[in-house]
Amino acid sequence: MSNNERGYTAAENERGFTLVEAVVAMMVCTIGLVAMAELMAVTLRLQQLGRNSTSAVRLAQDRVDELTTLSFTTAPSMACGGSITANVANYNNTPLQDNGTPDDPTDDTITKGYTLRWLVAAGPDGDPNLRTVTIRVLPDVNDRRTASPYDLVTVIRGTAAAVCP
Amino acid sequence: MSLDNQRGFTLAELMVATLITTMVLTGAVMMTSQVQQSFRKQIEDAAGEQEGRYALEWVSRLIRAAGNNPYALPQPAPAPQTSDCPAAGTPYAWLIIDPDADGENSDLRLQTDSNPPDGALGGPAGNCNQANEDVTISFDPLTNSITFLDNNLGGGTSTRTDAVIENLRFVFKNINHVPTNNAANVVYVETQVTVRTRTINSATGLPETRLLTQEVRVRGRNY
């Protein structure tokens, strides 16, 4: 009888969680889960960002490859000038995705999704044979998944009559 | 007495509780598998991308160096002239488009005079026996990889990538970036590597692919 009495009173005293406690516990759990989900989203976004950045770097390198061949005195794309903040004639380019078929009119219609601009300025130490070229690669789509504009700065050697102003 | 007062759950309560538990668990499991899937996809993506980048890197390096000719060996253009590479009495062809002649630009053969110390193309006269001076790069659709053959060293082709290459294509362009298949006019070569990851796109049922490209100017060539 005394045992039963004890058990009864014990059950009466076990009050369980209150609603407030349960809500707090759920909130803590939710915050943790949301943080994990957010972490996944951030990781995915960063991966895409990295992928887009490497594409941008390749395009910038392709442009350097091309600009190095040009004459300082005769080629308009290597004359002093240009801009990385606005499209200036001869100093911007939209790389196209070639399908590889020569003389195909449908070729050269799809862009690679980036616009390139460059700025040609005086080279280091006032050397007339050097020019500093800044190439900016801008993604056409500008959301959180694409890299912000990517800048590549390089010095190109050639022969020039004058130092850039 | 006390047992009488402990009433337990009713069947209805138990069923509701079970239902809620099931729903919550199902949601949790679904979310976990989703997370697991995107995690795996990410790893596979990165692996494929890395393989493609690596392939672009070494292929581009070889293309940039193609046609390097410091000792002014006779070139085929304008009139075919002969040199000692690849064999005595043949033209020095810095770029041979589509060497397997299957109509697909999925392969190319490059020649260059790059190896010191003798400076002669391919070594002593009549021999073309130095490494990396006459190479063939091709796509092997059977193994989904890019293969490399050093025509001077022989020994057959070697596989240079993992089996993740869906396609390889070279686009040859003239000075104005217009595609051409005339080797004499080629100034830029765009390498297009399509990598295939091991994850399946649930919408199409096909493996996910990604196109990586790099356009290089052939630096070694005189033009």
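In the text below, chain A, chain B and the rest are named by the order of the sequence lines, each starting its count at 1. Every heavy atom of this structure was used, including side-chain atoms; hydrogens, water molecules and symmetry mates were not. None of these values were measured; they are calculated from a predicted model.
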Trainee: Let me know if A:Glu66 has heavy atoms under 4.5 Å from chain B in its side chain, its backbone, both or neither.
Mentor: both

Trainee: Mind checking the CG-CG spacing from B:Leu168 to B:Asn144? Nearest 0.5 Å is all I need.
Mentor: 11.5 Å

Trainee: Flag the one option from B:Leu56, B:Val35, B:Asp45, B:Val216 with the top tally of heavy-atom pairs under 4.5 Å to chain A.
Mentor: B:Asp45

Trainee: Name the member of A:Thr54, A:Leu44, A:Asp62 that forms the most heavy-atom pairs with chain B at distances under 4.5 Å.
Mentor: A:Asp62

Trainee: Is B:Thr143 close to B:Asp140 at the side-chain level, that is, under 4.5 Å between some pair of heavy atoms?
Mentor: yes

Trainee: Counting only non-hydrogen atoms closer than 4.5 Å, does B:Phe172 touch chain A with its backbone (N, CA, C, O), its side chain (CB onward), both, or neither?
Mentor: neither

Trainee: Side chain, backbone, both or neither: which part of B:Gln214 has a non-hydrogen atom closer than 4.5 Å to chain A?
Mentor: both

Trainee: For the CZ atom of A:Arg117 and the CZ atom of A:Arg136, what is their distance to the nearest 0.5 Å?
Mentor: 7.5 Å

Trainee: Is chain B contacted by the side chain of A:Arg63, its backbone, both, or neither, given a heavy-atom distance below 4.5 Å?
Mentor: neither

Trainee: Is chain A contacted by the side chain of B:Leu212, its backbone, both, or neither, given a heavy-atom distance below 4.5 Å?
Mentor: both

Trainee: Determine whether B:Asp134 and B:Arg109 make a side-chain contact, defined as any pair of heavy atoms from C-beta on separated by less than 4.5 Å.
Mentor: yes

Trainee: Tell me, side chain or backbone of B:Lys41 under 4.5 Å from chain A's heavy atoms, or both, or neither?
Mentor: neither

Trainee: Chain A heavy atoms under 4.5 Å from B:Glu49: which part of the residue, side chain, backbone, both or neither?
Mentor: side chain

Trainee: Do we see a donor-acceptor contact under 3.5 Å between the side chains of B:Glu215 and B:His177?
Mentor: yes

Trainee: Could you give the distance from CG (B:Leu149) to OG1 (B:Thr157), rounded to the nearest 0.5 Å?
Mentor: 6.5 Å

Trainee: Judged by modelled atom types alone, do B:Ser145 and B:Asp162 share a side-chain donor-acceptor pair under 3.5 Å?
Mentor: no

